2 protein chains.
Amino acid sequence: MTEPHRVERHTRQRQVITAYMKAQAQFLTAQQVHDGLRELGDTVSLPTVYRTLTALVEAGDLDVRVSNNQSAYRHCSPHHHHHLVCRQCGRTIELADSPVEQWATAIANEHGFTDVDHTIEILGLCPACATLAPRC
Amino acid sequence: MTEPHRVERHTRQRQVITAYMKAQAQFLTAQQVHDGLRELGDTVSLPTVYRTLTALVEAGDLDVRVSNNQSAYRHCSPHHHHHLVCRQCGRTIELADSPVEQWATAIANEHGFTDVDHTIEILGLCPACATLAPRC
DNA sequence: CAGTTTCATGAGAATCATTATCAATTAGTC
DNA sequence: GACTAATTGATAATGATTCTCATGAAACTG
């Protein structure tokens, strides 16, 4: 009944995608990653881009964000899953620990919930976009 | 330059969908709403279900939640957009005001963000699911 | 280093949620 | 009841994501 021991392989494609995502400051769709890599000469098939991004999300290396019926991925430092995001340009600021952590846990306990996790996202207009685009 | 004055019409389909969603405690996909209505004998075309649900979301009457590449919709009381959700059965508990509100606003101001909104979601395993399904 | 195993990749097709199109229906108004 | 514009439904189109499966290449073996 022991798991068949799945070995993770270190392929060119995975390295390329991982490196690319680490260098990226924005949320990118699979398609954008695919195109971006091609521009650098590192061709990776679209299905592989999807597979790898999904794997990286499961590994906790990437954050996902769905908008417009599309998933966008972005590198994120582990354990700090809260963001302040500009709804215009997508500029993201990672937020450190907050009072929310404790509150969330407390609320969950109160209702008997276990194995608790939480997501917080603050959306707004960053200073730059506020001045540049009064109305888009 | 005045808007052409768009009149909202009160159709059978809209009433039916609105009523149905109000009576529902779970997040439902457009397809599920469509099927549910058909079972009640209130047939509404799938495109119309989509159109109506989208409109209701924009009106602030419904919450959306994306999972498995599908949007799910659920009635929600306005102004309280925070939920404690069971990741297994989808059971949802609406959370009242929290310390987060102030914190979010403070953080946003600190970074010069304006027109701020936020989303918080606490995911966990509800007591029922925790006992029934130790491992799925 | 050659052989073997097994996972990963890529090309293409398939899926399937969501949207667009457009003619036919209707709600709201006079 | 007639008029007008919004709404609906049938259908097709779109497009992101996933599946299939033959080929390629890691990792391991001896």
Side-chain angles (χ1 to χ4, degrees), chain A residues 2-21 24 26-59 61-74 90, chain B residues 2-21 24 26-59 61-74 90:
Chain A
T2 26
E3 286 282 307
H5 181 50
R6 169 163 187 103
V7 184
E8 290 275 305
R9 288 187 185 171
H10 223 221
T11 66
R12 177 187 66 86
Q13 289 85 340
R14 273 181 207 177
Q15 292 183 40
V16 163
I17 293 179
T18 306
Y20 187 74
M21 291 309 288
Q24 229 54 36
Q26 305 284 322
F27 276 90
L28 298 176
T29 65
Q31 187 68 60
Q32 289 174 315
V33 173
H34 178 255
D35 295 348
L37 290 177
R38 183 181 293 179
E39 277 177 21
L40 297 177
D42 287 319
T43 311
V44 178
S45 75
L46 196 50
T48 297
V49 172
Y50 274 105
R51 283 186 284 239
T52 308
L53 290 178
T54 305
L56 289 175
V57 169
E58 273 169 13
D61 293 338
L62 298 182
D63 268 351
V64 211
R65 124 189 286 281
V66 181
S67 107
N68 249 88
N69 295 325
Q70 262 188 167
S71 303
Y73 306 82
R74 183 175 167 280
Chain B
T2 26
E3 287 282 308
H5 181 49
R6 168 164 189 103
V7 183
E8 289 273 307
R9 288 187 184 173
H10 224 220
T11 66
R12 177 185 66 85
Q13 290 85 340
R14 271 178 209 178
Q15 293 184 40
V16 164
I17 293 179
T18 306
Y20 187 74
M21 291 311 288
Q24 229 54 37
Q26 304 285 321
F27 276 90
L28 297 176
T29 65
Q31 187 68 62
Q32 289 174 315
V33 173
H34 178 256
D35 294 349
L37 291 177
R38 182 180 292 179
E39 277 177 21
L40 297 178
D42 288 321
T43 311
V44 177
S45 76
L46 197 50
T48 296
V49 171
Y50 272 105
R51 284 187 283 239
T52 308
L53 290 177
T54 305
L56 288 175
V57 169
E58 274 168 14
D61 293 337
L62 298 182
D63 268 351
V64 211
R65 125 190 286 282
V66 181
S67 108
N68 250 87
N69 297 324
Q70 261 186 178
S71 303
Y73 306 83
R74 184 175 167 279

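As the structure is a computational prediction, the values presented were derived from the model and not from experiment. In what follows, every chain begins at residue 1, and chains take the letters A, B, ... in the order their sequences are listed. Note that these values count all heavy atoms, side chains included, but never hydrogens, waters or copies made by symmetry.
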Below 4.5 Å, heavy atoms only, C-beta onward: do [X] and [Y] meet side chain to side chain?
X: D61(B); Y: T18(B); value: no
X: L53(B); Y: M21(B); value: yes
X: Q15(B); Y: H10(B); value: yes
X: L40(B); Y: Y20(B); value: yes
X: E8(B); Y: R14(B); value: yes

Given [options], identify the nucleotide with an atom nearest to the side chain of [X].
X: T11(B); options: dT7(D), dT18(D), dG9(D); answer: dT7(D)
X: H10(A); options: dA27(C), dT9(C), dA27(D); answer: dA27(D)
X: S71(B); options: dT18(C), dT8(D), dA27(C); answer: dT18(C)

Using atom types as modelled and distance alone, determine if a side-chain donor or acceptor of H34(B) lies under 3.5 Å from a backbone N or O of V44(B). yes
Atom-to-atom span, [atom1] of [X] to [atom2] of [N] - whole angstrom:
X: E8(B); N: dG28(C); atom1: CD; atom2: P; value: 11 Å
X: R9(A); N: dA26(D); atom1: CZ; atom2: C1'; value: 5 Å
X: R14(A); N: dA25(D); atom1: CZ; atom2: C1'; value: 12 Å
X: L37(B); N: dT8(D); atom1: CG; atom2: P; value: 13 Å
X: N68(A); N: dA17(C); atom1: CG; atom2: P; value: 18 Å
X: L53(B); N: dT7(D); atom1: CG; atom2: P; value: 15 Å
X: Q70(A); N: dT19(C); atom1: CD; atom2: P; value: 12 Å
X: F27(B); N: dA17(C); atom1: CZ; atom2: P; value: 19 Å

We want to know whether T48(A) and R51(A) form a side-chain donor-acceptor pair, criterion being a heavy-atom distance below 3.5 angstrom. yes
Bend of the helix from dC1(C)-dG30(D) to dC30(C)-dG1(D) from end-axis comparison, five pairs per end, nearest 10°, comes to 40°
Value for OG1 (T29(A)) from CG (D35(A)), rounded to nearest 0.5 Å, stands at 7.5 Å
Here the residues of residues 44-51 of chain A within 4.0 Å heavy-atom distance, strictly under, of DNA chain D are P47(A), Y50(A), R51(A)
Taking for Y73(B) and for R12(A) the nucleotide of DNA chain C with the nearest heavy atom, the one nearer the 5' end belongs to R12(A)
Heavy-atom nearest pair, V49(B) first then A30(B), reads CG1-O, 3.6 Å
- Looking only at side-chain N and O atoms, does N69(A) come under 4.0 Å of OP1 or OP2 in dA17(C)? no
Below 4.0 angstrom from OP1 or OP2 of dT26(C), is there any side-chain N or O of Q13(B)? no
